[in-house]
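These notes are about the structure you will find just below.
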Amino acid sequence: MKKLLAATLGILSAVGGFVDIGDLVAAGQAGARFGMAHTWVLLLGVVAICAYADMAGRIAAITGRAVFDLIRERLGARVALVNLAASYLVTVITLSAELGGVALALRLATGVPYLLWVPLAGAAVWLVLWRMRFPLMERVFGLAGLALVIFAVALFWLPTDWAALGRSAVAPSEAGQGWGAYWFIAVALFASTVSPYEIFFFSSGGVEERWSPADLADARFSVLVGFPIGGFLALSLIATAAVVLRPAGLSVESLDEVAQPVVLAFGAVGLAVAALAFFAVTFGAALETGLSAAYAAAQYFGWQWGKRVSPREAARFHTVLLVSVLLGVLLLFTTVDPVALTEYMLIISAVALPLTYLPILIVANDRTYLGDRVNGRALNLLGAVLLLVILAASIAAVPLAIGTRMGQ
């Protein structure tokens, strides 16, 4: 029973960690502008994150080492340094966007300007990372993020035309917005579902929790159940935006618009639950991105790392953690709009995706590390096809951003 409970909590934590500020913005924009036309993109992203998270989890369980730790050893210090620089840049920008999401969620709940919440959000994230135990941290914010289910419930409360939603999903169109904008949103939505920090956090978290080959089944079960349910919640965000925002001709400029469908359905109670959900998922993602930035640096340089290690023994790891949070806060103090920052973050993330996913596929086929637990033919074929999609998204991201003026 104890093992079953641990597995269940792991699934719930994976669900809560799937949706972050990138998903909130990209899903809201997709639904508001194109209805359900990007459903296939979200499904593809779920398949990709499941496949590669399974590889990363297996690597951690078999070797007892995180993915980034093996990237340097397998690909060499110079290639790994390029990977580290790109990954750290993307992760810190993502961390800043998540902190902005926390501040926006608090503004939604209180009406206090979001910039006043930014330093408090940064301090709270750092304190939780400093003091809260890893399993408790993961479960508290993962479970709280499940409040997003209110968007799925709202679909049944609102006058939803299910047939129209279905037709929009199976017959995608550019809906008068232009194919350039359609593909820009597609790339942004795909990038939001396969963010590099998710893989770093999942792999390093497995090492933190001391996974072994005996934990492979539980880890795979969590991946194959948790991430698809998280994808379902993201799909609910698209659907509610399609039902409420699109007919009204509204776009997503802040989290207020994302929350509007549940406010329309449930009033003040809906607003309170939506604000809680937004806070939980963005705060949880800020924790994950902060840790991921420190994980990557520490693993590259061979430092002691992890929340299980005391700050005195892992001083450089905790210093990078603190500096990363400070950089995220300082970026927001430039008064950049958090939603605009999120959009730019998704495009930068899309460009950097191959640097994360190609090394994972290489290590997952290396018998030196995994012995007979390397990828099978079917998983390799799937991984290769998905890598081609990732590469296409990476190549297309910047031209689409420039050509459409960030999807306008």
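Along the sequence shown, residues are numbered consecutively beginning with 1.
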Measure the acute angle between the ring planes of Trp305 and Phe317, then classify it against the limits of 30° and 60° as parallel, tilted or perpendicular.
tilted
Take the angle between the ring planes of Phe279 and Phe141 and call it parallel below 30°, perpendicular above 60°, tilted in between.
tilted
Exceeds 12 heavy-atom contacts within 6.0 angstrom, atom CZ of Arg65:
yes
Can you see which heavy atom on Ser394 is nearest to which on Val351, and at what distance?
OG-O, 2.8 Å
Could you report the tightest heavy-atom contact between Val281 and Gly145, atom names first, then the distance?
CG1-CA, 3.7 Å
Take a 6.0 Å sphere around OH of Tyr344 and say whether it holds more than 12 heavy atoms from other residues, nucleotides or ligands.
no
Taking Glu257 for its side chain and Leu245 for its backbone only, find out whether a donor-acceptor pair lies under 3.5 Å.
no
Would you say the side chain of Arg72 lies within less than 4.5 Å of the side chain of Asn83, judging by non-hydrogen atoms?
no
How are the rings of His38 and Phe34 set to each other: parallel, tilted or perpendicular (split at 30° and 60°)?
perpendicular
Is the gap between the ring centers of Phe156 and Trp162 under 6.0 Å?
yes
Heavy-atom distance under 4.5 Å between the side chains of Thr282 and Leu24, does that happen here?
yes
How about Trp179 and Tyr182: are their ring centres within less than 6.0 Å of each other?
yes
Kindly give the heavy-atom pair with the smallest separation between Ala32 and Ser251, and that separation in Å.
CB-CA, 4.5 Å
Quick one: are the ring centres of Tyr295 and Phe200 less than 6.0 Å apart?
no
For the OH atom on Tyr369, are there more than 12 heavy atoms of other groups (residues, nucleotides or ligands in this structure) within a distance under 6.0 Å?
yes
Sub-4.5 Å side-chain heavy-atom contact between Leu327 and Ser96
no
Run the ring-centre check on Tyr197 versus Phe201 and record whether the distance is less than 6.0 Å.
no
Looking only at heavy atoms, the pair that brings Gly231 and Val46 closest together is CA-CG2, 3.9 Å
Atom of Val19, atom of Leu237 and distance for their closest heavy-atom approach:
CG1-CD1, 4.1 Å
Nearest non-hydrogen partners of Ala80 and Ile71, listed with the distance
CB-CG2, 4.2 Å
Does the side chain of Leu216 come within less than 4.5 Å of Ile62's, by heavy atoms?
yes
Option among Leu379, Leu387, Leu386 that satisfies the side-chain contact (heavy atoms from CB on, under 4.5 Å) test with Leu361:
Leu387
So do Val25 and Gln29 actually touch side chain to side chain, heavy atoms under 4.5 Å?
yes
